[in-house]
2 protein chains.
Amino acid sequence: MAKSGSADSSVAVSCGSCSVRRLCLPGGLSREDIDRLEQVTRRKKVIKAGEALFHAGDPFDNLYAIRSGSFKSAVIAADGNTQVTHFALPGELLGLDAYSSKSHPSYAEALEDSSVCVLPFSLLETLAQQVPALQQQIYSIFSDELRQENEILMLLGKRSADTRLAALLINISSRYARRGYSANQFVLSMPRTDIANYLGLTAETVSRLFSRFQKEQLIRVSGREVTILDLIGLSELAGTHCSYDN
Amino acid sequence: MAKSGSADSSVAVSCGSCSVRRLCLPGGLSREDIDRLEQVTRRKKVIKAGEALFHAGDPFDNLYAIRSGSFKSAVIAADGNTQVTHFALPGELLGLDAYSSKSHPSYAEALEDSSVCVLPFSLLETLAQQVPALQQQIYSIFSDELRQENEILMLLGKRSADTRLAALLINISSRYARRGYSANQFVLSMPRTDIANYLGLTAETVSRLFSRFQKEQLIRVSGREVTILDLIGLSELAGTHCSYDN
DNA sequence: CGGACAGTTGAGCAGCGTCAATCTTGGTGG
DNA sequence: CCACCAAGATTGACGCTGCTCAACTGTCCG
């Protein structure tokens, strides 16, 4: 457990039996196609909390599919400022934005001990050329990323601080729900500073908002553990009456 | 010229002789592959200033490649608020974010009289399955869109108003330059309100900034015509020492 | 000539950032 | 087992940036 490196962390895990297969590349694929996909997804990698999966500027060779844990990804400006652009959960893919420039424009860091599938993109590309359903799944993931980014833009564009935080809580809640976890109670894997950065706020403001939401009986908070008490109220605050993750 | 509709606007234009072919789907394709691509790009459409190319919720059948003119695309929240997410120039593709949900999550509106190639996605998909170079170009465009969105997130996240506007001016300048136009002098096709919305500001603030930039000898402005006088100064303000469009 | 719309400019205000002090938590080692 | 420390989180006071509201100017087009 203490040994770092890229060895398998546990028993062999295949796509067909992976707990997040419906949300990941195998989504929509036949049994047979999934078997072929497994040639591409053999290599696993374990990343400890705080470690980087890849850095900005690293050459692009692989995509990474999150098996367990969670990551933040961020871009770094010339002046050293960073902007957190994603919080990624199991089943989601990291590294898609690196294809065109052949090097990663952003970096990804584990928020907790995590494991990923390493997907050599050249293999995936070749396989997708032969398996239309996989091709479509790749388009779908690309497209969905774009859609999600638009939603975030919406948030950062012209919304008040409380709206932003409410929207994030609802988003995270719905993403946990999709994975079969509780939608009402969860543990945030990221510190306040990351939440603040992601939302374009400061950690102090985020902290004050958590306190205020609690006072208004919208949520209960204790450190990183959040319980949603009034989903309707929170949704009204967020402005989007349904969650923005479909 | 006054006649609306979807007929060809002018003489037949093929990808091989299109002025934006290097920036569009044909990028990196062989002469032979471009010939095959033209089976997909036959249909053209003319859109007048202010008209929509597609609305949010429209079914997804086609991608659109801009041949001339420019567009804004925007998402609409449940509460009616909109957020401008892109200003699109010739050679760029519209509609990529619609694939996963099979309907357009955003809408696109012409900022000036424009024309586009209508690309039936099912045909494009089939052709890409047979032409690896086209497949790669599609990945590349998807990936680049993601990268660009990250840059915008960066901008909206934690930057002052003047930084945002400076960054937009540099971005637009560099995109015109890539297309062979002047990098120092151009006409903005969008009104102040759209710029403001895109940058997460108000029209008044944008207007004040234009005035201030002019007073500081960074640019010269007259309505929508902009001349960049001090690219270095503007870049320093923007924080990114190079343009963010490569 | 006049109406409509885009853009400019000004005055006042408030939401959120900044700075700083204090409180909690988890990890470490004696 | 507990004392200690460092990092994260909370809370408060204050000020600035950018929003709001409003009046005015310029320009295009009938």
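Every chain is numbered from 1 and lettered A, B, ... according to where its sequence line falls, protein lines coming before strand lines.
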### Task
State whether a side-chain donor-acceptor pair under 3.5 Å links His86(B) with Glu149(B).
yes
### Donor-acceptor pair between Ser106(A) and Ser73(A) side chains, under 3.5 angstrom
no
### Task
Whole angstrom is fine here: how far is it from CG in Asn197(A) over to P in dG8(D)?
14 Å
### Task
Side chain of Arg192(B) only, please: which of dG8(D), dG7(C), dG18(D) is the nearest?
dG7(C)
### Cation-pi, Phe210(B) ring and Arg192(B) (6.0 angstrom, 45 degrees)
yes
## Note on the structure
Leu165(A) atom CG is separated from dC16(C) atom P, nearest whole Å, by 12 Å
### Query
Could you give the CE-to-C1' distance, from Met190(B) to dA6(C), as a whole number of Å?
15 Å
### Query
Is there a donor N/O on one and an acceptor N/O on the other, under 3.5 Å, for the side chain of Arg164(B) and the base of dT17(D)?
no
### Task
May I have the distance from Arg224(A) (atom CZ) to dA9(D) (atom C1'), rounded to whole angstrom?
10 Å
### Query
Would you call Glu92(A) and Arg175(A) a salt bridge, taking side-chain N to carboxylate O under 4.0 Å as the test?
yes
### Message
Just the rounded figure in Å: distance from P of dA9(D) to CD1 of Ile195(A).
### Response
8 Å
### Distance in angstrom units between Glu225(B) CD and dC28(D) P, rounded
12 Å
### Query
For dG8(D), does either OP1 or OP2 sit under 4.0 Å from a side-chain N or O belonging to Thr193(A)?
no
### Message
Pick the closest DNA chain C nucleotide for Asp162(A) and for Val206(B) by heavy atoms, then say which residue is nearer the 5' end.
### Response
Val206(B)
### Task
Can you tell me the distance, in whole Å, between the CG atom of Leu199(A) and the P atom of dC16(C)?
12 Å
### Query
Mind checking whether Phe87(A) and Tyr198(A) have parallel, tilted or perpendicular rings, split at 30° and 60°?
tilted
### Task
For the helix from dC1(C)-dG30(D) to dG30(C)-dC1(D), figure out the bend between the end axes, five pairs an end, and round to 10 degrees.
40°
### Message
I want to check one thing: is the phosphate of dT9(C), taken as OP1 and OP2, less than 4.0 Å away from some side-chain N or O of Arg208(B)?
### Response
no
### Query
Which nucleotide in the list dG17(C), dT10(D), dC16(C) gets nearest to the side chain of Ala161(A)?
dC16(C)
### Task
Rounded to the nearest angstrom, tell me the gap between atom CZ in Phe210(B) and atom P in dG7(C).
9 Å
### Query
Is atom CZ of Arg220(A) surrounded by more than 12 heavy atoms (other residues, nucleotides or ligands) closer than 6.0 Å?
no
### Query
Within the pair Ser207(B) and dG7(C), is there a side-chain N or O less than 4.0 Å away from OP1 or OP2?
no
### Task
On DNA chain C, check which nucleotide each of Val221(B) and Thr202(A) is closest to and give me the residue with the more 5' one.
Val221(B)
### Task
Give me the ring orientation class for Phe54(A) and Tyr64(A): parallel if the planes are under 30° apart, tilted from 30 to 60°, perpendicular past 60°.
parallel
### Task
Check whether any side-chain nitrogen or oxygen of Thr205(A) sits under 4.0 Å from OP1 or OP2 of dG17(C), and answer yes or no.
yes
### Task
Please work out whether the ring planes of Phe142(A) and Phe142(B) are parallel, tilted or perpendicular, with thresholds of 30° and 60°.
parallel
### Query
Donor-acceptor pair under 3.5 Å: do we get one between Glu204(A)'s side chain and the base of dC19(C)?
yes
